[in-house]
Amino acid sequence: MSHQTTQLIHHPYTPPQGFVAPQLPVYKASTVIFPSVAAMRARDWQHKTGYTYGLHGTPSTFVLEERLCTLEGGLQCVLAPSGLAAIANVNLALLQAGDEVLLPDNVYGPNKVMARGELKAYGISHQFYDAMNPADLAARLSNKTRLVWLEAPGSVTLEFPDLIALLRLCKARNITTALDNTWGAGLAFNPFTFDDGQGVDISVHALTKYPSGGGDVLMGSCITRSDALHQQLKLSHMRLGFGVGANDVEAVLRSLPSLALRYQAHDLAARELVLWCAQQAEFVQVLHPAWTPSPGHVHWQQVCGTAGKAAGLFSVIVHERFNSAQVDAFCEALQLFKLGYSWGGPISLVVPYDLTSMRQCWPTGLQRGTVVRFSVGLEAVDDLRADLEQALAVLR
Ligand SMILES: *Cc1c(COP(=O)(O)O)cnc(C)c1O
């Protein structure tokens with residue numbers, strides 16, 4: 001080691017052991033160094049017993065996986081580089097050519113796009129079912145059905161389905177169920193026990209939303225209680241190379257302790273704004289699971305409890321007499337609500353949607369008009385209400 005460069009790489013100094021601080025260290029690695037060839041050969045990347053390569057786990061990812069299992073009541077977890085990658089992980093791990101996957105018509109949009117794109121190209125067929133009508137799901141289940149996606153509430157329109165009825169239909173036929181549990185965040189209800197101790201097989205999260213809480217991280221998770229399913233997900237996760245960055249893992253770990261407090265703050269503010277919006281004549285309908293007239297409110301009560309939690313999302317349907325340019329102008333007139341996708345961060349967001357281009361048919365129970373989805377951030381609710389008020393004046 002006569003050269004300075006070599007000395008800098010293979011430096012003999014190691015800091016003293018026993019450093020303890022509130023946050024975990026950030027373990028960054030592609031390469032993991034083995035003590036011997038025997039150890040290298042004996043590597044087991046599948047069972048969290050050691051380390052083999054950054055892609056297969058580090059102390060950072062293992063810790064986040066365990067904390068997410070605790071949050072959701074699951075036993076095993078794989079992390080993916082986005083919520084959508086977690087969805088892809090489930091689809092690609094469980095489906096083969098000749099299989100069929102069923103998705104709610106109001107499922108997270110890109111899950112549909114994947115079904116029409118990659119899954120179709122791989123010989124996997126799909127159907128969209130009306131999540132608000134269990135009989136519609138029942139009629140579409142067949143011997144080809146290998147996986148049923150559930151989501152509660154539905155994307156954008158926030159109708160809460162009869163999760164218990166949907167789950168029982170699948171269980172009766174022994175069909176695997178996967179729930180996109182991003183909205184519930186592991187707080188609103190337990191995905192593995194909501195039906196009298198029974199629940200879905202896999203719970204998927206976009207950690208991008210509330211668990212990250214900053215609008216600056218993309219990550220997803222697939223959580224199960226079944227070892228066999230977990231091994232299937234883990235194998236496909238390895239083959240797909242779905243690694244996550246250690247700094248992103250650290251950001252989520254740092255945000256998790258405040259998850260419940262933030263979720264409650266978003267929830268309370270959203271309910272106040274829902275009450276106010278329900279009084280505005282320009283909005284013909286307000287969609288929010290805890291709002292009594294909202295589609296599926298009773299199912300939300302059933303699964304989340306009468307005093308249950310409900311996240312910070314709500315949508316309004318703007319009266320048909322306003323054209324889409326006027327609704328766009330309303331959204332642009334908002335100052336605190338920014339135009340942007342995703343949700344779960346400190347900044348309130350708004351997106352106008354043209355449902356006719358997103359759904360097979362207009363959802364039952366929904367008035368006609370343009371849908372505007374709000375994600376309530378952590379600003380003072382009085383300021384948000386004033387912002388809605390001034391933008392509504394522009395619409396009028
Ligand atoms: C955002 C979101 C996703 C996807 O998460 P990304 O990290 O943005 O890929 C999936 N499902 C739901 C319900 C979401 O809101």
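Values in this document were obtained by computation on a predicted structure and should not be read as measured data. Numbering of ligands and ligand atoms starts at 1, following listing order.
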Using a 6.0 Å cut-off, check whether atom CZ of Arg396 has over 12 heavy atoms from anything other than its own residue.
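Enclosed.
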
If the threshold is 4.0 Å, N to carboxylate O, is there a salt bridge linking [X] and [Y]?
X	Y	value
Asp195	Arg168	yes
Arg225	Asp201	no
Lys48	Glu66	yes

Original post:
Numbering the atoms of ligand 1 from 1, which are under 4.0 Å from a heavy atom of Thr208?
Top reply: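 Per the distance check, 6 (P), 7 (O).
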
Point to revise | Atoms of ligand 1, numbered as shown, that sit under 4.0 Å from any heavy atom of Gly83 | key: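 Those atoms are 4 (C), 5 (O), 6 (P), 7 (O), 9 (O).
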
Q. How far is atom 12 (C) of ligand 1 from its nearest protein heavy atom, and which residue and atom is that?
A.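 Ranking protein heavy atoms by distance from atom 12 (C) of ligand 1, first comes Asp180 OD2, 3.4 Å.
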
Among all protein heavy atoms, pick the one closest to atom 3 (C) of ligand 1 and tell me residue, atom and distance.
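Looking only at protein heavy atoms, the one closest to atom 3 (C) of ligand 1 is Tyr108 CZ, 3.3 Å.
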
Is any N or O atom of [X], backbone or side chain, closer than 3.5 Å to an N or O atom of ligand 1?
X	result
Leu84	yes
Lys209	yes
Glu151	no

Exercise for review: If the plane angle is over 60° it's perpendicular, under 30° parallel, otherwise tilted; pick one for His319 and Phe322.
Suggested key: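 Geometry flag for Phe322 against His319: perpendicular rings.
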
May I ask you to identify, for Trp343, whether its side chain, its backbone, both or neither come under 4.0 Å of ligand 1 on a heavy-atom basis?
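Under 4.0 Å from ligand 1, Trp343 contributes side-chain atoms alone.
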
Ring-face cation contact, Tyr263 with Lys309, 6.0 Å cut, 45° max: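 Not flagged: Lys309 not positioned over aromatic ring of Tyr263.
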
